[in-house]
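In what follows, a single structure is set out as structure tokens and then discussed.
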Amino acid sequence: MKRVVAPVPNEVLGDNVNSAQIPTLSDNAPKEQTGDQAPSFSNTRPNPILGPALQLGAGVGTLGLLTGAAAGIIRSAPVGLYAATTGIQWFVLSSSFWGSRQFALNSLAEYTDASSSRNNLIATSTAGAFSGATAGLLRGPRNVIPGAIVFSLLGLGGATLQNKLKSREQSESWFRKVIDGKWSPITRITNEDWERILEEKLLRVETEIAVLDDSIEELRKNKKQA
């Protein structure tokens, strides 16, 4: 059977033992976090999609305000109403398009190549449909489907044109790499080289003209002597 020893008070131990050397429950117990402690925001980061989308929307919305005000002045209509309506519509359209497109690209990049042309077509057309439906909702429920269809087609056309330009640049860069290669039988001529070649040809033509002038002058002299 274990022997149980009761704790001895400090008064019984005497002056030779310091009471601070005896551990207590309050010293070893973990300190509880008080509710007054402020949360730390040092690890918070801005949203990589929402932030740029709102910034773009603010810029485009400001441009819409100016455009709406100018349209109101030209049509002799309420300037404030035209400016506010146009600014809100442009803000919603641009921010929703940019944000949804970036979200779609990031989602598709998890499964396929992020720089593929197919991802660009899907993300841009989807973003166009979403932004068109959102902007159409501001004008009424009847404009949701037509707005989604129209802006989806516009996004699809823009993405197709972008892919063609990108592929053309890639093909041109590949052709230049082949030409500039060490074993290429073709040499690409720069503007400076072409200018030097033209100057050499011009100097050769001037020399031939001078020789012809001398021959003509000699023939004239021989004709006079005859």
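Here the closest heavy-atom approach between residue Gly128 and residue Phe151 is recorded as O-CB, 3.0 Å. A pairwise comparison of heavy atoms in Ser95 and Ala53 identifies CB-O, 3.4 Å as the closest pair. The nearest pair of heavy atoms linking Asn119 to Leu105 is O-CD2, 3.8 Å. Nearest heavy-atom pair across Thr62 and Ala58 is OG1-O, 2.8 Å. Residue Leu65 comes nearest to Ala83 through the heavy atom pair CD2-O, 3.0 Å, listed as atom of the first residue, atom of the second, then distance. Here the closest non-hydrogen pair linking Trp90 and Gly61 is CB-CA, 4.4 Å.
Under a hydrophobic-cluster definition in which Ile, Leu, Val, Met, Phe, Trp and Tyr are linked whenever side-chain heavy atoms come within less than 4.5 Å, directly or via other members, Tyr82 and Leu138 are assigned to different clusters. In the hydrophobic cluster analysis, where Ile, Leu, Val, Met, Phe, Trp and Tyr join through side-chain heavy atoms closer than 4.5 angstrom, Leu93 is grouped together with Leu154. Val60 and Ile88 fall into different hydrophobic clusters, where Ile, Leu, Val, Met, Phe, Trp and Tyr side chains are chained together by heavy-atom contacts under 4.5 Å.
Proximity of Leu54 to Phe91: side-chain heavy atoms (C-beta onward) are separated by under 4.5 Å at one or more points. A heavy-atom distance below 4.5 Å is not found between the side chains of Glu195 and Asn191. Between Leu121 and Leu156 there is a side-chain heavy-atom pair separated by less than 4.5 Å.
Note that OG1 of Thr86 and CG of Leu81 are 8.5 Å apart. Values are rounded to the nearest 0.5 Å. Expressed to the nearest 0.5 Å, how far CG of Leu153 lies from OG of Ser125 amounts to 9.5 Å. Here CG of Asp193 is found 11.0 Å from CG of Leu198. Values are rounded to the nearest 0.5 Å. Atom-to-atom distance recorded for Ile122:CD1 and Ser107:OG is 11.5 Å, nearest 0.5 angstrom.
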Given side-chain contact (heavy atoms from CB on, under 4.5 Å), test Phe97 with Thr124 step by step and report yes or no.
CA-CA 8 Å; Phe97 175 79; Thr124 307; 4.0 Å; yes
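Every pair passing salt bridge (Lys or Arg N to Asp or Glu O under 4.0 Å) that includes a residue from residues 200-225 is listed here, sequence neighbours excluded: Arg196-Glu200.
The neighbour count for Leu66 CG, taken as heavy atoms of other residues, nucleotides or ligands under 6.0 Å away, is above 12. Shown here is Trp98, whose CH2 atom has no more than 12 heavy atoms of other residues, nucleotides or ligands within 6.0 Å.
Residues satisfying the side-chain hydrogen bond (donor to acceptor under 3.5 Å, both in side chains) criterion with Asn163, sequence neighbours excluded, are Asn120.
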